[in-house]
Amino acid sequence: KKNPYKLDDIAGLPLLSSTQDNIDEKPFYNLFKRIFDIIFAILSLIIICPLIILVSIAIKLNDGGPIFFKQTRIGLNKKPFIIYKFRSMKINSDKYAHCPENARDPRITKVGRWVRKLSIDEIPQLINVLKGDMSLVGPRPEMPFIVETYEAYEKKRLSVIPGITGLWQVSPAR
């Protein structure tokens, strides 16, 4: 049997990686993860409903534009889906431009600075979890033009459901 692992060098660091193209299916794990995601998303939306209403009103009063930001992302098995976020940038901002690197970016609205600082902009992604496009935990979904540049090892992340939070968000040293 062929060894399913190989040692790679990524940016000068040794990395043990799998030679498999896809991640093995785990039906019971996937079922229980999905049940947990649904229960957690529903309870969270109920509990934070007052916050959702306040943020929605603040965004609408700030500039009269739409409350939600919608963007195409790539999910499980390269399937495109619409991701939902609270809008934190000005109405005329390019949806697919590079993300703001700091809070002083002129595209960010006054309300948007707070929404981003407190990570409230991610709350509507609980809708994506209920729809089954996303999970609570998994690799972050990327924009189509970024996925087009993926190397073979990066494409493996498309064999699992993307998540609201992933390794990058929970790592202490960013």
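Since the model is a prediction, treat every value here as computed from it, not as a measurement.
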I'd like to know whether R116 forms a salt bridge (charged side-chain N to carboxylate O under 4.0 Å, His left out) with D105, so could you lay out the CA-CA distance, the side-chain angles of the two residues, the decisive distance to 0.1 Å, and finally the verdict. CA-CA 12 Å; R116 282 174 171 260; D105 189 302; over 6 Å; no
Test item: Y150 and K78 side chains (from C-beta on) under 4.5 Å apart, heavy atoms: no
If we only count heavy atoms from C-beta on, is the Y84 to K70 side-chain gap below 4.5 Å? yes
If the threshold is 4.0 Å, N to carboxylate O, is there a salt bridge linking R73 and E142? no
Pairwise distance CD1(I74) to NZ(K79) - rounded to 0.5 angstrom: 11.0 Å
Roughly how far, to the nearest 0.5 Å, is CD1 of I67 from CD1 of I53? 10.5 Å
Using side-chain heavy atoms (C-beta onward) and a distance below 4.5 Å, is N77 in contact with L158? no
At what distance, to the nearest 0.5 angstrom, does CD1 of I161 lie from CZ of F81? 10.0 Å
Checking the side chain of K90 only, and the main-chain atoms of P106 only, is there a donor and an acceptor separated by less than 3.5 Å? yes
Measuring only between side-chain heavy atoms, which start at C-beta, is F86 closer than 4.5 Å to F68? yes
Using the rule that Ile, Leu, Val, Met, Phe, Trp and Tyr join whenever any side-chain heavy atoms are under 4.5 Å apart, tell me whether L76 and V147 fall into a single cluster. no
Using every non-hydrogen atom in the two residues, find where R34 and K131 come nearest and quote the distance to one decimal. NH2-C, 4.0 Å
Any link between L51 and I127 through a network of hydrophobic side chains (Ile, Leu, Val, Met, Phe, Trp, Tyr) touching at under 4.5 Å? no
With side chains defined as the heavy atoms from C-beta onward, is the minimum distance between I123 and V55 less than 4.5 Å? no
Sub-4.5 Å side-chain heavy-atom contact between K156 and E151: no
4.5 Å side-chain heavy-atom contact, I82 and T72: yes
Sort out for me which residue in D121, T109, D63 forms a side-chain hydrogen bond (donor to acceptor under 3.5 Å, both in side chains) with R87. D63
Rounded to the nearest 0.5 Å, what separation is found between the CG atom of L43 and the CD1 atom of I38? 12.0 Å
Any chain of hydrophobic side-chain contacts (each under 4.5 Å) joining I52 to L130? yes
With heavy-atom distances below 4.5 Å as the criterion, would you say the side chains of L126 and L136 are in contact? yes
Do Y29 and M134 sit in one hydrophobic cluster, given that two such residues count as connected whenever their side-chain heavy atoms are within less than 4.5 Å of each other, even indirectly? no
